[in-house]
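Notes for the one structure printed next.
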Number of protein chains: 2
Amino acid sequence: MDPSIICPRFEKAVAILSQRWTALVIYQLLSGPQRFCSMTDTLGISGRVLSERLKELENQGIVKRNVIPETPVRIEYSLTEKGVSFAPIMREIDKWSQSWVEKVPTDEKSGS
Amino acid sequence: MDPSIICPRFEKAVAILSQRWTALVIYQLLSGPQRFCSMTDTLGISGRVLSERLKELENQGIVKRNVIPETPVRIEYSLTEKGVSFAPIMREIDKWSQSWVEKVPTDEKSGS
DNA sequence: ATAAAAAAGTTACTTTAAGTAACTTTTGTG
DNA sequence: CACAAAAGTTACTTAAAGTAACTTTTTTAT
């Protein structure tokens, strides 16, 4: 059984994007540098997994980590050029979602 | 903690694509209808998970299942219009991969 | 000087998803 | 009638993600 007749580069790109949270992390960083806590708050990702993902993305040259010696010290995460290059993919996903995803139920705590 | 300030439609689209194997299944179906076994062979996905994914994609109206009463009976999976509409996303992922993914090591069983 | 607070993680533990391989079902051919 | 092929399914193992409490560093308030 050949594990892939599919283009290995394409497969690699898909592997990055289909890892849980990765696409959302990149998407959020496309709107500008972000701090750790703002990402956990906005995305609803746990600190444990966000920390893991950011390290992986840093190793892949997609994200860079910036220590800002303010007080208290801030760590800012931002995209490298490679990271920014995901923008057209995100735009297509966004376009697709506008055409094909029905209005998502808001799932409120059923107010009165 | 608000679980999402991000557009829920976008989030939903990302949820589809970031589920393991889903993007590759759609990608393969973009090249034409496929049978169950050809997908397991080409993608290296297990039957258990492929079966699960195909059912989900059918429920989402992305894939359709076609029973062909030949002998032995063949089941052909193909994309609906909604499924085909992923094509531009796949094209962008492919473009990205050509620019940014380095040549992937072939991982041969170190032949002579 | 000491206590509490805030940011950025990390650790230990639980739950869920995916991988593996053997088995079932249906139809057909020798 | 036994065997083969396709399409799954079942039971079980392994890996990934979720949860929540804890650590570290530095600053502000008492």
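Chain letters run A, B, ... following the sequence lines, proteins first, then strands; residues in each count from 1.
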Rounded to the nearest 0.5 Å, the CD atom of A:Gln98 sits from the CZ atom of B:Phe10 at a distance of 10.0 Å
B:Lys95 atom NZ: more than 12 heavy-atom contacts under 6.0 Å = no
Closest to side chain of B:Arg20, choosing from D:dA17, C:dA8, D:dA16 | D:dA16
For the pair made of CG in B:Asp41 and C1' in D:dA5, what is the distance, rounded to whole Å?
-> 13 Å
For a side-chain contact (heavy atoms from CB on, under 4.5 Å) with B:Leu29, tell me which candidate from B:Val84, B:Leu24, B:Leu79, B:Thr80 qualifies.
-> B:Leu79
What integer distance in Å separates B:Trp21:CH2 from C:dA17:P?
-> 17 Å
The correct set of residues in residues 48-62 of chain A placing a heavy atom under 4.0 Å from DNA chain D is A:Arg48, A:Val49, A:Glu52, A:Arg53
Interatomic distance, B:Leu43 CG vs C:dG19 P [rounded to whole Å] | 11 Å
So how far is it from B:Ser99 OG to A:Arg9 CZ, rounded to the nearest 0.5 Å?
-> 9.0 Å
With sequence neighbours excluded, tell me which residues meet side chain to side chain contact (heavy atoms under 4.5 Å, CB included) with A:Gln60.
-> A:Lys12, A:Ile16, A:Glu56, A:Leu57, A:Ile62
B:Gln19 atom CD is separated from D:dA17 atom C1', nearest whole Å, by 14 Å
Round to a whole Å and report the spacing from CD1 of B:Ile45 to P of D:dG8.
-> 13 Å
Partners of A:Arg65 by side chain to side chain contact (heavy atoms under 4.5 Å, CB included), sequence neighbours excluded?
-> A:Glu58, A:Val67, A:Ile75, A:Tyr77
Output the distance between atom CD1 (B:Ile68) and atom CD (B:Glu76), rounded to the nearest 0.5 Å.
-> 3.5 Å
Among residues 27-37 of chain B, which residues get a heavy atom nearer than 4.0 Å to DNA chain D?
-> B:Arg35, B:Phe36, B:Cys37
Would you tell me if any nitrogen or oxygen in the side chain of B:Tyr77 comes within less than 4.0 Å of OP1 or OP2 on D:dA6?
-> no
Protein N or O to nucleotides 27-30 of chain C N or O, pairs below 3.5 Å:
{"from": "C:dG28", "atom 1": "OP1", "to": "B:Thr71", "atom 2": "OG1", "distance (Å)": "3.1"}
{"from": "C:dG28", "atom 1": "O5'", "to": "B:Thr71", "atom 2": "OG1", "distance (Å)": "3.1"}

Side chains of A:Trp21 and A:Val49 in contact at under 4.5 Å (non-hydrogen atoms) = yes
Co-membership, hydrophobic cluster, residues A:Leu50 and A:Val73, 4.5 Å side-chain | yes
Taking the side chain as C-beta and beyond, is there a heavy-atom pair between B:Lys82 and A:Trp96 under 4.5 Å?
-> yes
Output all residues satisfying side chain to side chain contact (heavy atoms under 4.5 Å, CB included) with B:Ala87, sequence neighbours left out; order by chain, then residue number.
-> B:Leu30, B:Arg91
